[in-house]
Undergrad: 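One structure, pasted below without further comment.
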Amino acid sequence: MKVDFEINGRAVHVETPPMTRLAHVLRRQLDLEGTKIGCDAGDCGACTVLVDGRQTCACLMPVAHVRGRRVVTVEGLASLPFGKRLQRRFLDIGAAQCGICTPGMLMAAVELLSGNPSPDEAEVEAALGGVLCRCTGYRKIIEAVTDMAVDAAPSAGNASCRPAVGARIARLDGPDKVTGQAQFGADGWPDDCLELRLVRAPHHAATFELGDVEAWRLLHPGVDRILLAGDIPGRNAFGIYPEIKDQPVLADGLVRHRGEPVAAIIGEPQAIRALDLAGFPVIWCETKPVLGLDATLVFDRPAIHAQTPDNVLARGRLATGDVSQSLAAAAVTVRHTVETSFVEHAYIEPEAGYARRIGDRIEIVATTQAPYMDRTEVAAVLGIAPERVRIVPTACGGGFGSKIDVSLQPIIAVAAWLTGRPVGCVYDRPESISSTTKRHPARITATAGADADGRLLAMRFHGDFDTGAYASWGPTVATRVPVHASGPYRIGAAHCTTTALYSNGTPAGAFRGFGVPQAAIVHEALMDELADGLGIDRLDFRLINALRDGDRTASGQLLGSGTGLVACLERLKPRWQAEKAGLRREEGDLRRGIGVACMWYGIGNTALTNPSAMDVGIDSSGRLTLYNGAVDIGQGSATVMVQICADALRLPVEAFCQVAGDTDRTRDAGKTSASRQTFVSGNAARLAGLDLRGRILRLANAGEEASLKLAEGHILVDDGGRKTRIDLTRMKSDATGDVLKGQGFWDPPTEPLDENGQGVPYASYGFAAQMARVAVDTGLGTVTVERMWAAHDVGRAINPTLCEGQIDGGIAQGLGLALMEEYLPGRNENLHDYLIPTIGDIPPIEIFLVEEGDPLGPDGAKGLGEPALAATAPAIFGAIHDAVGVRPDKVPLTPDRLLQRMQRVRRMRSG
Ligand code: FES
């Protein structure tokens with residue numbers, strides 16, 4: 001069918017079946033890849049475009065419906081009357097993080113602003129409610145759209161300001177994100193790219209036999225090849241730990257979770273997309289699955305892996321002091337048990353990328369959080385040396401931990417290796433959800449005691465964590481949680497244990513906190529209960545016990561300066577007191593309450609080496625390049641690293657360009673996880689800058705305080721009035737084109753933990769305190785979070801706008817964890833059944849950045865990604881308890897569960 005319409009002001013004519021959806025026509029036929037596809041089902045809104053001025057989900061609209069109509073995509077936004085200003089607002093305010101939702105957000109905002117140039121917050125929420133964002137927590141998006149007339153802070157977008165550290169510099173990768181030019185995993189594939197689809201298990205546990213696969217292939221023209229387990233050239237297994245490679249690339253006769261791949265079908269894109277995989281020749285023999293913590297904990301459960309007959313993947317332990325004696329001596333003891341659920345990362349960009357073979361090397365261009373780890377795994381799967389693998393990260397449309405694990409990288413590498421053609425793959429939303437890692441469900445029981453003066457004496461804690469079918473980051477969760485289990489408090493005695501258990505659930509791995517958010521729900525409930533039991537204000541109780549400079553943690557680690565928890569609580573205290581005094585507790589069926597919660601988070605790997613390496617070079621024209629392997633997944637490392645390096649060099653940010661995360665061109669900066677990039681890679685970037693500055697000063701025989709200035713082909717050095725001109729054009733360049741290079745390497749100092757969890761697990765800790773005010777509808781069981789306050793010890797805010805963005809986004813994910821998010825394998829593998837917070841769910845958030853300075857951090861900075869989330873759910877649960885007197889025994893606390901809890905408590909109280 002021929003369809004004529006207008007796209008971004010020009011007439012176009014496409015020939016395509018009439019039901020082809022507009023989003024696919026835009027991306028595949030018109031090369032307009034600024035329109036993103038997040039779910040292909042009208043749930044996420046990433047594909048929002050304007051059709052005759054109205055926002056429309058392009059993934060739902062058949063192209064026949066736009067015949068004769070005007071379509072505007074993000075590529076045409078700048079030509080609209082206020083388009084550029086809206087893009088600038090998004091940049092200046094920090095409304096784009098990973099940027100995958102940004103085109104859709106911008107187009108939805110355009111429709112609103114066209115009829116209403118000064119919308120209020122409610123109007124923005126209504127207009128943008130169809131577009132999901134998993135990164136920003138929506139607050140900065142609302143701010144960007146509510147008053148287009150307001151200019152941003154003076155330094156916003158100013159990359160020339162010095163010092164750069166502390167400035168609200170607009171993110172350096174932002175312009176591509178607000179114009180639709182940023183390339184994510186599904187974008188920019190070679191024209192001759194084949195496509196790959198995976199045949200996945202429909203059962204949680206099964207054995208299987210394959211039929212005549214070749215005969216099936218011959219029945220499907222355009223299908224070039226089908227890969228099975230036996231086709232993997234190297235090791236048919238991958239995993240995070242060197243000694244645990246338990247997850248097959250393609251299953252071999254046995255599947256351990258629903259969604260596990262058993263075959264890969266490769267062919268021409270049209271043919272692959274048209275396949276009906278229901279007829280693929282495989283005979284399943286379903287077996288009884290081990291699902292849920294109840295099943296994982298029964299004695300005679302079947303072994304998920306033969307080599308682990310008890311299904312115990314890992315255990316963690318911390319022990320200090322005499323817990324029994326301390327609890328016996330306590331004036332008050334309290335106990336709490338809670339169970340949490342699988343939580344889906346729900347990044348808007350599903351797994352995507354392509355691979356191509358270049359001679360005896362393989363190149364993978366894909367979305368990832370960990371390029372060097374991807375390189376190692378792909379090399380082993382292909383059976384080649386890591387140096388023959390190149391990983392080129394695309395823009396990452398959200399990761400939050402799941403994209404540390406490889407997903408499609410090994411199989412597209414095998415496909416490209418064996419076919420000799422580029423091969424691409426995009427997971428659809430159900431397979432993204434069913435096959436990639438989740439937050440660990442946990443069942444935790446803990447007891448704590450305090451003396452009559454409110455001093456925390458002891459805690460006993462045990463947590464069982466369902467790690468699903470494969471190990472992924474399960475051992476990390478098991479070891480990290482005991483360190484954090486007693487909370488950021490002085491404590492004399494603690495006994496904290498964990499178990500990570502295999503099941504037939506979806507593999508659980510890293511998700512913003514590695515188990516610490518689940519533990520925080522419990523230790524903060526205990527702090528509330530102890531405070532209540534002693535008649536001490538809940539915030540004051542935390543102040544009494546908060547870790548301070550010079551204290552020892554439960555791991556026996558001596559804390560140096562920069563322990564900012566007390567400062568966080570002090571910043572919240574006036575708000576706490578005002579809310580307590582002025583809270584309108586009852587209003588019809590509504591009951592209001594306030595809650596406060598603290599958290600701490602060890603930055604980087606637990607008691608393991610954790611290095612980062614960075615280079616910065618200058619070429620003969622005077623252009624600086626930061627070779628930055630710290631992948632920016634939306635948090636802002638592409639900006640922060642340059643700010644830090646620029647100040648070390650004492651040159652402006654605008655003098656830099658950047659190579660981001662290409663394993664052929666950057667050294668290993670480690671994975672983007674555990675809130676480590678600012679702290680660890682920031683130090684590497686600082687040292688690289690200092691190294692290059694030192695080389696320049698030595699060439700000029702200048703002192704430490706000399707100033708530098710870049711000019712075309714020269715560096716001008718001014719040493720107290722003595723001026724030296726370094727001619728770069730006469731210097732020999734290296735393979736990268738640089739004539740001078742500075743190198744930085746930093747590994748945070750830690751010490752191993754002994755069998756009692758004693759040692760120095762982390763070089764730095766982030767601290768935070770958050771407050772929540774909620775209104776509980778006692779008739780419906782619904783909870784509205786009306787306002788949040790967040791005080792975070794960031795050490796030093798390298799870029800306050802980016803810090804605020806992390807906190808807003810972490811709170812949004814924490815709210816989802818608390819009240820709505822529960823992934824049930826096989827039941828809600830899409831974004832209309834699996835609910836994440838929308839723009840209307842996130843309340844106003846007041847943020848306090850506490851900058852006490854970490855002695856080891858670059859310019860004093862600590863990590864923030866995980867700390868942003870961990871205190872939110874416990875603060876909300878504290879507020880709910882304050883309102884209606886109940887706490888969850890199962891998280892999320894959905895309306896039905898809350899009503900049941902309230903009824904149960906009512907029955908107990910009435911006898
Ligand atoms: Fe919205 Fe990442 S910035 S999903």
Undergrad: Could you tell me if the side chain of Val72 sits less than 4.5 Å from the side chain of Met107, heavy atoms only?
TA: yes
Undergrad: Between Lys438 (side chain only) and Ile433 (backbone N and O only), is there a donor and an acceptor less than 3.5 Å apart?
TA: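 A pair under 3.5 Å: yes.
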Undergrad: Side chain to side chain donor-acceptor pair (under 3.5 Å) between Glu121 and Thr146: does it pass, once the steps are laid out?
TA: CA-CA 6 Å; Glu121 189 167 324; Thr146 39; over 6 Å; no
Undergrad: Between atom CD1 of Ile348 and atom SG of Cys135, what is the distance when rounded to the nearest 0.5 Å?
TA: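 Answer rounded to 0.5 Å: 8.0 Å.
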Undergrad: With the side chain counted from C-beta on, respond yes when Pro62 and His65 share a heavy-atom pair under 4.5 Å apart, and no when they do not.
TA: yes
Undergrad: Walk me through whether Asp841 and Thr784 qualify under side-chain contact (heavy atoms from CB on, under 4.5 Å).
TA: CA-CA 8 Å; Asp841 293 312; Thr784 302; over 6 Å; no
Undergrad: So Glu851 and Arg796, salt bridge (Lys or Arg N to Asp or Glu O under 4.0 Å) or not? Walk me through it.
TA: CA-CA 5 Å; Glu851 300 182 80; Arg796 177 82 193 279; 3.7 Å; yes
Undergrad: Restricting to non-hydrogen atoms, name the atom on Ala96 and the atom on Thr102 that form the minimum distance, rounded to 0.1 Å.
TA: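 Residues Ala96 and Thr102, closest heavy atoms: CB-OG1, 3.4 Å.
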Undergrad: Can you check whether His345 and Phe400 have ring centres sitting under 6.0 Å from each other?
TA: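 No.
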Undergrad: Any non-hydrogen side-chain atom of Asp808 less than 4.5 Å from a side-chain atom of Ile847?
TA: yes
Undergrad: I need the single residue from Arg27, Arg21, Arg429 that forms a salt bridge (Lys or Arg N to Asp or Glu O under 4.0 Å) with Asp40. Which is it?
TA: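 Among Arg27, Arg21, Arg429, the one that satisfies the salt bridge (Lys or Arg N to Asp or Glu O under 4.0 Å) with Asp40 is Arg21.
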Undergrad: Check for a donor-acceptor pair, side chain of Glu123 on one end and backbone N or O of Asp120 on the other, with a separation under 3.5 Å.
TA: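 It does hold such a pair.
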Undergrad: Would you compute the distance between atom NE2 of His24 and atom SG of Cys47 and round it to the nearest 0.5 angstrom?
TA: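 The NE2 atom of His24 sits 9.0 Å away from the SG atom of Cys47.
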Undergrad: Would Thr394 and Asp187 count as a side-chain contact (heavy atoms from CB on, under 4.5 Å) here? Give the steps.
TA: CA-CA 9 Å; Thr394 62; Asp187 303 330; over 6 Å; no
Undergrad: Between the main-chain N or O of Thr367 and the side-chain N or O of Lys403, is there a donor-acceptor pair closer than 3.5 Å?
TA: no
Undergrad: Taking the side chain as everything from C-beta on, heavy atoms only, tell me whether Val110 gets closer than 4.5 Å to Leu77.
TA: yes
Undergrad: Verify side chain to side chain donor-acceptor pair (under 3.5 Å) between Ser434 and Glu829, making sure each step is shown before the conclusion.
TA: CA-CA 6 Å; Ser434 68; Glu829 295 161 350; 4.7 Å; no
Undergrad: From Leu50 CG over to Ser114 OG, what is the distance, rounded to the nearest 0.5 angstrom?
TA: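 The OG atom of Ser114 is 7.0 Å from CG of Leu50, to the nearest 0.5 Å.
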Undergrad: Give me the atom names and distance for the closest heavy-atom approach of Val794 to Leu849.
TA: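 Taking Val794 first and Leu849 second, the nearest heavy atoms are CG1-CD2, 4.2 Å.
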Undergrad: Minimum heavy-atom separation for Ile880 to Val774, with atom names?
TA: N-CG2, 3.8 Å
Undergrad: Between OG1 of Thr436 and CZ of Phe511, what distance do you get to the nearest 0.5 Å?
TA: 10.5 Å
Undergrad: Just do the salt bridge (Lys or Arg N to Asp or Glu O under 4.0 Å) check on Asp882 and Arg591 with the steps written out, would you?
TA: CA-CA 9 Å; Asp882 187 45; Arg591 298 290 179 273; over 6 Å; no
Undergrad: Do Tyr601 and Glu866 have side-chain atoms, one donor and one acceptor, less than 3.5 Å apart?
TA: yes
Undergrad: Would you find a donor on one side and an acceptor on the other, under 3.5 Å apart, between the side chain of Tyr138 and the backbone of Cys133?
TA: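 Present.
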Undergrad: Between Glu351 and Ser432, is a side chain to side chain donor-acceptor pair (under 3.5 Å) present by the stated rule, with each step listed?
TA: CA-CA 7 Å; Glu351 293 69 17; Ser432 172; 2.8 Å; yes
Undergrad: Test Glu804 against Lys140 for salt bridge (Lys or Arg N to Asp or Glu O under 4.0 Å), laying out the working first.
TA: CA-CA 9 Å; Glu804 291 160 2; Lys140 289 190 181 293; 2.8 Å; yes
Undergrad: Looking at CG of Leu893 and CG of Leu819, how far apart are the two atoms once the value is rounded to the nearest 0.5 Å?
TA: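 So the gap between those two atoms works out to 6.5 Å.
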Undergrad: Minimum heavy-atom separation for Met820 to Ile836, with atom names?
TA: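 Of all heavy-atom pairs spanning Met820 and Ile836, the closest is SD-C, 3.6 Å.
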Undergrad: Any idea which heavy atoms bring Gly185 and Glu349 closest together, and the distance?
TA: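 Smallest interatomic distance, heavy atoms only, reads N-OE2, 2.8 Å.
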Undergrad: Taking the side chain from Arg439 and the backbone from Arg512, do they hold a donor-acceptor pair closer than 3.5 Å?
TA: yes
Undergrad: Does the pair Arg827 and Asp833 meet the rule for a side-chain contact (heavy atoms from CB on, under 4.5 Å), with working shown?
TA: CA-CA 8 Å; Arg827 287 176 54 187; Asp833 293 320; over 6 Å; no
Undergrad: Does the side chain of Pro837 reach to within under 4.5 Å of the side chain of Ile842, using non-hydrogen atoms?
TA: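 A side-chain contact exists here, since the closest heavy-atom pair is under 4.5 Å.
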Undergrad: For the atom pair OG (Ser341) and OH (Tyr823), what is the distance rounded to the nearest 0.5 Å?
TA: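 Interatomic distance, Ser341 OG to Tyr823 OH, rounded to 0.5 Å: 12.5 Å.
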Undergrad: Do the non-hydrogen side-chain atoms of Leu864 and Thr678 ever get within less than 4.5 Å of each other?
TA: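 SC-SC contact between Leu864 and Thr678 ruled out.
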Undergrad: Could you check Glu821 against Arg134 for salt bridge (Lys or Arg N to Asp or Glu O under 4.0 Å), going step by step and ending with a plain yes or no?
TA: CA-CA 13 Å; Glu821 296 192 39; Arg134 192 56 157 167; 2.7 Å; yes
Undergrad: Between Gln770 and Val596, is the side-chain contact (heavy atoms from CB on, under 4.5 Å) condition met? List the steps.
TA: CA-CA 6 Å; Gln770 293 186 359; Val596 63; over 6 Å; no
Undergrad: Is Arg171 reaching over with its side chain to a backbone N or O of Gly634, donor-acceptor style, under 3.5 angstrom?
TA: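 Indeed, once roles are kept as given, a pair shorter than 3.5 Å links the two residues.
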Undergrad: Using only heavy-atom distances, determine whether the side chains of Thr48 and Gln55 contain a donor-acceptor pair under 3.5 Å.
TA: no
Undergrad: Side-chain contact, heavy-atom cut-off 4.5 Å: Ile811 with Leu869?
TA: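 They are not in contact (no side-chain heavy atoms under 4.5 Å apart), so the answer is no.
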Undergrad: Would you confirm whether Arg89, through its side chain, and Glu143, through its main-chain N or O, come within 3.5 Å as a donor-acceptor pair?
TA: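 Present.
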Undergrad: Test your reading of the model: is there a side-chain donor-acceptor pair from Asp777 to the backbone of Leu590, 3.5 Å cut-off?
TA: no
Undergrad: Look at the side chain of Gln97 and the backbone N and O of Gly805, then say whether any donor-acceptor pair between them is shorter than 3.5 Å.
TA: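 Such a contact is found between Gln97 side chain and Gly805 backbone.
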Undergrad: Testing Met788, Lys573, Glu579, Glu846 one by one against Met771 for a side chain to side chain contact (heavy atoms under 4.5 Å, CB included), which residue passes?
TA: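 Answer after filtering Met788, Lys573, Glu579, Glu846: Glu579.
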Undergrad: Using side-chain heavy atoms (C-beta onward) and a distance below 4.5 Å, is Gln643 in contact with Asn799?
TA: yes
Undergrad: Could you go through the side chain to side chain donor-acceptor pair (under 3.5 Å) check for Glu75 and Thr73 one step at a time?
TA: CA-CA 5 Å; Glu75 289 91 346; Thr73 68; 2.6 Å; yes
Undergrad: List the atom of Leu817, the atom of Pro517, and the distance in Å for their closest heavy-atom pair.
TA: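 Heavy atoms only, the tightest pair is CD2-CB, 4.2 Å.
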Undergrad: Does the Glu822 side chain pair with the main chain of Val891, one donor and one acceptor, at a distance under 3.5 Å?
TA: no
